[in-house]
Every structure is written in structure tokens, then in C-alpha cells.
Amino acid sequence: MNDDQERNTINCFRNRLRRLINVGPVLDMLQFLSDDQKELIRAKTRTEGDISAADLLLHEVITKEHSEGWFRELITALETAGCRHAANYMENNPPSPSKEFENDNCIKLIDLLKLSLVDMKTRDVCNSCYQRSLLTDEDRENIFAVNDQQGNKAGARLLLSRLVKKELGWYSEFLEALKETGHGMLARELQGEPLKGHGETHAQHSQGIYTQKKQVKKAQQLTLSYYIPWMLFLPFFLAVDPGIIRWPVWSGNPGGQLCLSVSGALVLSPIVLHDYQMEVALPALEGKNIIICLPTGSGKTRVAVYITKQHLESRRRMGQPGKVVVLVNKVPLVEQHYKAEFGKFLKHQYSVERVSGDSQLKISFPQVIEKNDIIICTAQILENSLAKAKNGDEDGIKLSQFTLMVIDECHHTQKGGVYNHIMIRYLKQKHRNIGLLKEQKTPVPLPQILGLTASPGVGGAKNQQKAEEHILRICANLDAYTIKTKSLREELMAPYKCIASAPERKEDPFGDVIKGIMDEIHSHAELSPLCQPGTQNYEQWVVQKEQNAAKEDNPRVRVCAEHLRQYNEALHQSNTIRMSDAFSFLNKYYNEELKKKSSPDEDDVIQITDTERFLFRLFKDNKEHLQELTKNPQYENNTLATLKTKILQEFTSRTIARGIIFTKTRHSAIALSQWIRENPKFESVGVRASHLIGGGDQSVVKPMTSAEQKDVLNKFHEGEINVLIATTVAEEGLDIAQCNFVIRYCLVTNEIAMIQARGRGRAEDSSYTVVEEAGSGVAERESVNEYRETMMSKAIARVCTLCQEEYEKKTKEYQMQAIMEERVKVKKKQQKVMKKEDPSKVKFSCRSCNKPVCSGEDIEIIENMHHVNVTTAFRELFTVRENTSLQERFLDYEANGVIACKQCGQQWGSMMLYKSIECPCLHIKHFVVTYGSKKKDFRKWNELAIRFPSFSYLQHAEHIANNSDEEMGDME
């Protein structure tokens, strides 16, 4: 072919080629393009993605003149970069139409099943694909890099995007790679094979049939007893815009999904509400702001989906744009609401997108808002963007861009909460709009508000009047026309409730030994506690002692107080979980402390003080005795035995048992889960347990990632797990399968938590049990919560019966009060900012050994969040250790180490990698701050009124590059 023919061939296949070229590595090997051309294409990749960049590359190739041999150079670059399929098209050697069609179908299947595929073990699958020559060396390196930096799902997405560009035959090799790496279920779904639980006849009948596990479960509930061959409908679906089509699901499914009937006809089943759901929705359907208060499991979110649909449809009929934002207060709820509700029922008709801290979107939040009809996001993301708009940032958005705002768990719309920050903006604009109307000016449009809650609580009220004020304040904060609720005694049966009290311990030799150790520490540090060890009051006392000692440069008391906290926690654990768990907790703590005292660098010697030697020796002297006591079951606490009896009772008295046990701490959740798994008695009655804890990093116990939480909940849904041992993370919001028993183990918080936890028992004949030790006060606090619940119900009823004039008068007063309080708060904050001192005014010293560390002048801030010190002098003061919690989680791709004092081993922070520069990140809680002449203790950086400069990436990058050049010169 001559040049013109080659260009014509490329232009002919241009639309297909732009999806097959991996631009980065191809561009690196092309010499016939100028550096300016390459930079333009690379910029396109960064801003608009690979497809747009590939289109620009093809444009440059087709329209510009090049040196001789350019075409062969381009083909070689494509082949070397693993784009042999694209090279075949350029050489006018495309596959046959049937094979091309088959390959397109395979790509479409990958896209449709992406939500499941991104949960694959990316590293394992990547290695298997690489061994099968599906990926190049560079492909594998890039996938591993993304996997390490952005997480498993991001790595999986990149892997899939590379595979679909490969030469024909990649699909069957990918299936084999999935099977080889333990993803047989995914492979079978991609092949269209039926899942488990269907007979041989089905298997023979359904060759080449696609179905998803959830769809199969729904199909089992219908009279339809066979599968629809999806390949019959694939050409139709490929012909339709994939952004607005839903894959085949069964007719008969409830609500707003695009379905295929037995005949193959497309049908749209409506969202059907119960009478009580429709009753509470009516004011919202009229465009009014309301709060819907219905019990957990009563379908509040389904009502919100219905209202959203009707809202968008009504605006569309009137020829007006509609845009809905759904706000949640927890990251896992974003994906949950998308998959289970809004995306499931509305995506066929409207564009629905979700955004959270876990999202991997390549476009900005304002672009997401602009391009979609329904946006599900965490409230903090919206608040951040609203704040940017107020500051004049182009990357900000305004409330006026939305026509409906759904606020999930709206009882959090109170002082200090992110929901309240958003609603204060709303109320301020509403107040300004009144002034604009008086001036006969056009008011700024505001969205309709829909609040959802199972329990607004009473806000700590001790009488009926205060409870009513609390409800009215929440109504005012949400600018609600009314609060709608419904008594659901007929629709939703409340679980049977009981208190299971365990007798007090007669003997506690394990606890006696720990108390004896604590007494010796008290004597050594000359401390006289005013309360009993093992209590919350003691915990507060010892924390205060540790903070005061750090400020007073008293290392003896500080380190003793720190160790006393661990013994107090162990004492608490021995009263709620096994003695062996309490011992393991202490043993692990002392092992970690000893590791801190051993430097990774043999030339460095970490100091051990006399007090530390005393404490290490004290534990060592008692260690064997404590361990021996753990082997005597007669000394275990009685509450554990009561819990065991209750669990066995639930599993032996029910045909199928499924339940949740709520406990106070992450450590106790993990320990109870392990206790159940290790006990053969539980196994014999079919108990299969796992723990579910939060994702925040505010505990010594490693948090659960969103993926780990999702995995546990999925197993609970599927019945692989039938008992969840959870912290309060499972009380609110998360979609948890129906349970027929709920146990609160030595745990009582407030009336909202009680109602939320009890609401998890949604199945018929369910039970709700509080397990406590007699005399602990748990039963009494539970009774207080029941009283508050009654007050709350009466308060809601009272608010609902107020005449509209009185209701509006009271809510307006609370709104004006909220606006004024916010103004005072903002003014104080501005004054505080104006008073911010120069960084040179503060000095930082090690919290443990009081060694001077650095001045505030050495601190810089990355992205208004991370406080780093990249000075050479500071690097001489610390060592870098491995992060043990990350090791335990096997997250080697998050291997940012811990930085610790060379002198005493005290942790100072973490080593973070910021755009390939290692930056020691300081955590202020690990330092004593000398502010002027006073020593102070801070837990968060925002408590320190100092204006630190922003981190200069360019300056530090140039400095590192210059040093590297000098080192290379020295080597030469």
C-alpha cells in the first residue's frame, strides 16, 4: 500500500481503532511525530482519557506529512505495545464479520459484568494473563502500579481495559485465567452457565445463557422456571445505547426495571408502594419539604426512589430540567443505594451516578452533576464543593443546581454535622430570597428537601417539652413542611424483647492479678486513682494523667499512665470476652512496645528508661501466671456463658436462624467471632459467624475496608454467614439481610441506637435480647432508652397535630436561631484565622522522651490536610518501621511505613508517597507542642492556630533531582 491507501485504511477503521490503541506505550516508540505533537496527545490522555487521545493520535497520523517509513514504524509500535489487533486493522487485515461480531459481544459482556469482575484478585489474574501472553511487561507493571496506589478495583478496571484491546482469542484465555485463579463462578457467569441450585435439565437447556446470581434468586420465586437465552437478544442490546439500557431481568420483579417477559417483549414494571408508604409520600409528591419517619426495614428508601421518579417525570412534563442529589453519611451506603434502589429502578430512564471517597471517576464532581440526573454521594463531598463555590472556585457547585435533595438518616442534621452545614446554606439562601421577593427581584431557586429517618431521637431530653423542641429543631433544620410517620403494628411486627442478666462473678483471680499489677504501677508513679480500675471513669482519669504528664515533661507518669490504659482495657475485656483474649491483647501490646525499642538500623540505639524497664519486667514476671489462669474455664465471666446459652437457644428453637450480635468495641467483635468459630458446640448447631466493624482509623484495631465490609455483608445475605458480630457500624443505614434475632451484648447507648439495632430483627417471630451482668446498669439504661422512645413517639405525634401557623412560627424561630449561631461561629473562626501565629512561634518535641524535634517553620501542608517535614535535619531524627496493621491486613500495596523517634521508639507519624516524593507526615497527637512559653497537648492539627505554608512540590522535586545529578557525577 502507498501512503494514501494506508491513510485511507486507517481512516476507514478509525472509529474502531480509537478503542483498540493503548496510547502511552505506542507514543513512546513513535519517532515520526514531533515532541509538541506527542505532548498534545499526552495532555489529551490526562484530561479526556485514552479514547480521545487515540483519536487525536489518528488525526495527527492521517492529516500530517511524515518521514518515510512512518507506517511500518507505527505498525511495529502497535505490535510491541500489545496492540496487535489494531495493527491488523491498519494493515487492512480485519477479522471476518462473524468473528468481529463475536468479539464485540465478548467486550459487551465484560462491560455488563464489570461490577462483579472488579472484585477479582487483580494481581493473581494479571499474572495468569501475563503468562498466557495476553499482557505485555508494561501492561503488567502499570496494572500493578495502579493496584498498589489506587486499590484492587482500579487495578481490575485497568486490566479489563487492556484485555478488550487484545487480538482475537483473548476472551477464552481470560476465562481460563479466571478459573486458574479461583474465580470459577465469574468464568461460568461469563460463559452463560447456570449457577448452583438448578437441576441437570436446566444445565442442558441453558447452554449459552447469561444470568446473574441475584436474578436467579428472584427467578426462583416466580412461576417462570426456565432461562431466557440472552444471545437471542444480544444484537438488540448492542444496537441500543448501552448507557440507557438494562440487561435482561425477569418480569414480575417489583418496581421500575426494564424486563423481558417470557415472550421476549420489553416491559417496564412500576414501583409499587404499600398504602402506608404512599400515605407518607403524598406531601412530597405535591412538592413540599418533608421528613419521612418509618421503622428500619419499612421501605423508606423505596419511597424516596418513587418520589424521585415522580419528581423528575413531573418536571420533564412541564419542560423544566430536574436534578436530584441523594446524600448519605457513610461511604458504603453510596454503592448500596445505587445498586439496590436508585440505580436498580431508575437507571433505565435516567442517568444515575454515585460519588464517594472510594469512587474512581476521572471527571470532576461538577461535571458529574452536569452530566447526570441523579447523583448519590456522601454529604461531605457535596459540602466541600459548595464551600469551593462560595470561595469563587470554578470547581464548586451551588444548591440551586438541584431540584430535589434526599437526605438519608436525616436525624444527623444537628449542630456540628455535615448535613447541618449544607442545610444552613439552604436556610441562609431561603432567608435572602424573602428579601429579594420584597425588592421584587427573582429569588434563587432551592431544591425540594426529603429527609429519611427511622428515629429522630429526643436529643438527651429529660421531659416531654424538651423532646418536642428537639423534633421541631430537626424539622426546622430540614425546612420541613411536616414530619410524616405511620404506626406499623399491622405491617411490621416488633420483635420479642427480653433482658438476660448473668450473675456476678464469685471469683476473678485473672482480674485480681491485673489489679495487683496496676497497684504496683500506681505506687511507682505515685498515683492515687479516685475510681475503680476496669471502669469508664478510670479510663477518663488515666487519659487526663497521661496528657498532663506529657505537657509537664514527666516521662515517668506519662509512660505509666499509658500502660495503665492497656491494663484497664484488658480488665474490661476479661469482664466481657475470654480471659485469653484479654491476655493476648496485653501480650501483643508488650511485644509491639519491645519492637519499638529495637531499631532497624544497627548503628542506632533506642533508649529504654528505668520506668520502661520496670514496666516490661512487671509484665514479664506476671505473664506466666496470667497465661495459666486463662486455662481455667471456671474463672470466665458469666456474661459469656449467658451469651452462649442465648445463641444456642436461638439456633435450636428455629428452623433457620440468622442474627446480629452488637458489641461495644472492634476488639470484642473480633474476639467474639473467633470464640464462636473455635467452639465446637456452636458448629454442631450450624452457627457460622464473622465480625463486621467500621472503616475509620481511630482505633488500635485495624479497620475494615469498604470491600471487606461488602464481602461480609454479601456472605450474610447469601447465608454463608448466619451470625454477624458487629460494632455500631451495622446499626444504621447498611442494607443487612432479614434477621430473626438481635442481641446487644453488654452494650447500651442512646434511644436512636436501640431503635436502629432492634429494627434489624425484621423477620417474623424475631427476638431482641440485651445480655448484661447483674448490677452493671445496662438493664437500667435500656429502660431509660425505652422511656425516651415513648417520649419521642409522643413528641412526633404532638408536632404532627400542631396547627400549621403555630408549627411554622416555631420552626422559623429555630431557623433564625440556627442562622445567627452560624454567623457567630463564622465570625469567631475568622477572628481565629486572623490571630493565627507565625510558625516560628511553636516547637515540637517527642511525646515520649521530650527530645526536641523541629520548629513550626519546618512544617508544610499538602492539600490542606497532611502536615509534612521534608527537611534533611528532621530525617536524621527518625527511623522507618513497617506498619504492622497493614501487614496483618495483607495490604502490601499500602506499605507506607511508620516513622518513629530514633531515641525512644515513639511513633511520630507515617511515611507517605506524594507524587513519587517520600514525605514524612507528622501526627500532632504524638508530640508535645511548646507554644510561646507553654506546653500544650493537641489531638488534631486544626486545634493549633498556626498558619503553615503549602508544600512546594516543584521546589522539592528540583532539589531531589539536583541531588541525584550530583550523586551520579560523584559516581562517575
Side-chain angles (χ1 to χ4, degrees), residues 281-292 300-301 303-329 334 337 342 346 350-355 365-366 368-390 396-410 412-413 417-434 436-437 442-453 474-484 811 815 818-819:
L282 283 175
L285 296 174
E286 296 169 1
K288 294 183 173 71
N289 294 353
I290 68 164
I291 297 170
I292 292 177
K300 292 183 296 297
T301 313
V303 177
V305 173
Y306 181 82
I307 292 169
T308 297
K309 184 174 184 292
Q310 296 301 318
H311 172 84
L312 292 173
E313 284 180 357
S314 65
R315 293 192 69 86
R316 186 175 282 181
R317 284 194 297 270
M318 292 186 290
Q320 298 174 343
K323 197 171 293 291
V324 180
V325 62
V326 182
L327 301 181
V328 298
N329 62 333
V334 174
H337 282 345
F342 290 90
L346 301 179
Y350 301 100
S351 54
V352 186
E353 188 54 271
R354 68 280 203 200
V355 184
F365 187 56
V368 174
I369 300 296
E370 183 183 343
K371 292 176 182 293
N372 294 281
D373 302 309
I374 304 167
I375 302 93
I376 308 162
C377 67
T378 48
Q380 191 61 58
I381 285 178
L382 177 63
E383 168 61 15
N384 293 346
S385 206
L386 292 171
K388 286 179 181 178
K390 186 179 178 182
I397 59 169
K398 297 178 180 178
L399 282 174
S400 56
Q401 292 176 243
F402 303 106
T403 56
L404 173 63
M405 186 156 65
V406 181
I407 302 180
D408 192 31
E409 308 296 348
C410 69
H412 291 295
T413 313
V418 64
Y419 283 162
N420 212 44
H421 293 322
I422 293 169
M423 284 308 302
I424 283 290
R425 296 180 189 278
Y426 176 101
L427 295 175
K428 283 181 177 178
Q429 187 57 57
K430 179 190 174 185
H431 184 63
R432 284 193 287 266
N433 281 349
I434 295 171
L436 290 172
L437 286 170
T442 305
V444 175
L446 286 170
Q448 179 185 347
I449 305 297
L450 173 61
L452 307 175
T453 182
I474 289 180
C475 290
N477 291 343
L478 289 157
D479 195 36
Y481 169 79
T482 186
I483 178 169
K484 295 294 290 183
T811 54
Q815 287 176 353
I819 291 171

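For the numbers below, each heavy atom of this structure counts, side chains included, while hydrogens, waters and symmetry mates do not.
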Donor-acceptor pair, side chain of [X] and main chain of [Y], under 3.5 angstrom:
{"X": "Thr482", "Y": "Ile290", "value": "no"}
{"X": "Ser351", "Y": "Asp373", "value": "yes"}
{"X": "Gln320", "Y": "Arg315", "value": "no"}
{"X": "Gln448", "Y": "Asn289", "value": "no"}
{"X": "Tyr481", "Y": "Ala284", "value": "no"}
{"X": "Lys323", "Y": "Asn372", "value": "yes"}

[atom1] of [X] to [atom2] of [Y]: how many Å apart, nearest 0.5 Å?
{"X": "Thr413", "Y": "Asp479", "atom1": "OG1", "atom2": "CG", "result": "12.0 Å"}
{"X": "Gln815", "Y": "Ile424", "atom1": "CD", "atom2": "CD1", "result": "9.0 Å"}
{"X": "Phe365", "Y": "Ile381", "atom1": "CZ", "atom2": "CD1", "result": "6.5 Å"}
{"X": "His311", "Y": "Thr308", "atom1": "NE2", "atom2": "OG1", "result": "8.0 Å"}
{"X": "Ile422", "Y": "Leu478", "atom1": "CD1", "atom2": "CG", "result": "11.0 Å"}
{"X": "Asn384", "Y": "Ile397", "atom1": "CG", "atom2": "CD1", "result": "10.0 Å"}

For [X] and [Y], work out which heavy atoms get closest and say how close.
{"X": "Ile819", "Y": "Leu427", "result": "CD1-O, 3.8 Å"}
{"X": "Val324", "Y": "Phe402", "result": "C-CD2, 4.5 Å"}
{"X": "Tyr419", "Y": "Ala379", "result": "CE2-CB, 3.4 Å"}
{"X": "Ala480", "Y": "Ile291", "result": "CB-CG1, 3.9 Å"}
{"X": "Val325", "Y": "Cys377", "result": "CG2-SG, 3.9 Å"}
{"X": "Val334", "Y": "Ile376", "result": "CG1-O, 3.7 Å"}

My understanding is that only residues two or more places apart in sequence, or in another chain, count here; which of them pass salt bridge (Lys or Arg N to Asp or Glu O under 4.0 Å) with [X]?
{"X": "Glu313", "answer": "Lys309"}
{"X": "Arg425", "answer": "Glu383"}
{"X": "Lys371", "answer": "none"}

Inset, instruction - Please check if atom NZ in Lys398 has more than 12 non-hydrogen atoms from other residues, nucleotides or ligands closer than 6.0 Å. - result: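 Incorrect, the count does not exceed 12.
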
Inset, instruction - Taking atom CD of Gln310 as the centre, report whether more than 12 heavy atoms of other residues, nucleotides or ligands fall under 6.0 Å from it. - result: yes

Inset, instruction - Any chance you could lay out the side chain to side chain contact (heavy atoms under 4.5 Å, CB included) test for Arg432 and Val444, step after step, and finish with the verdict? - result: CA-CA 9 Å; Arg432 284 193 287 266; Val444 175; over 6 Å; no

Inset, instruction - Compute whether any side-chain donor of one residue and acceptor of the other, for His337 and Thr301, lie under 3.5 angstrom apart. - result: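 On atom types as modelled, these side chains do not qualify, holding no pair under 3.5 Å.
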
Legend entry - Result of checking Leu312, Val406, Ile292 against Ile307 for side chain to side chain contact (heavy atoms under 4.5 Å, CB included): Ile292

Inset, instruction - Output, in order, the C-alpha distance, side-chain angles, deciding distance and verdict of side chain to side chain contact (heavy atoms under 4.5 Å, CB included) for Leu399 and Met405. - result: CA-CA 9 Å; Leu399 282 174; Met405 186 156 65; 4.2 Å; yes

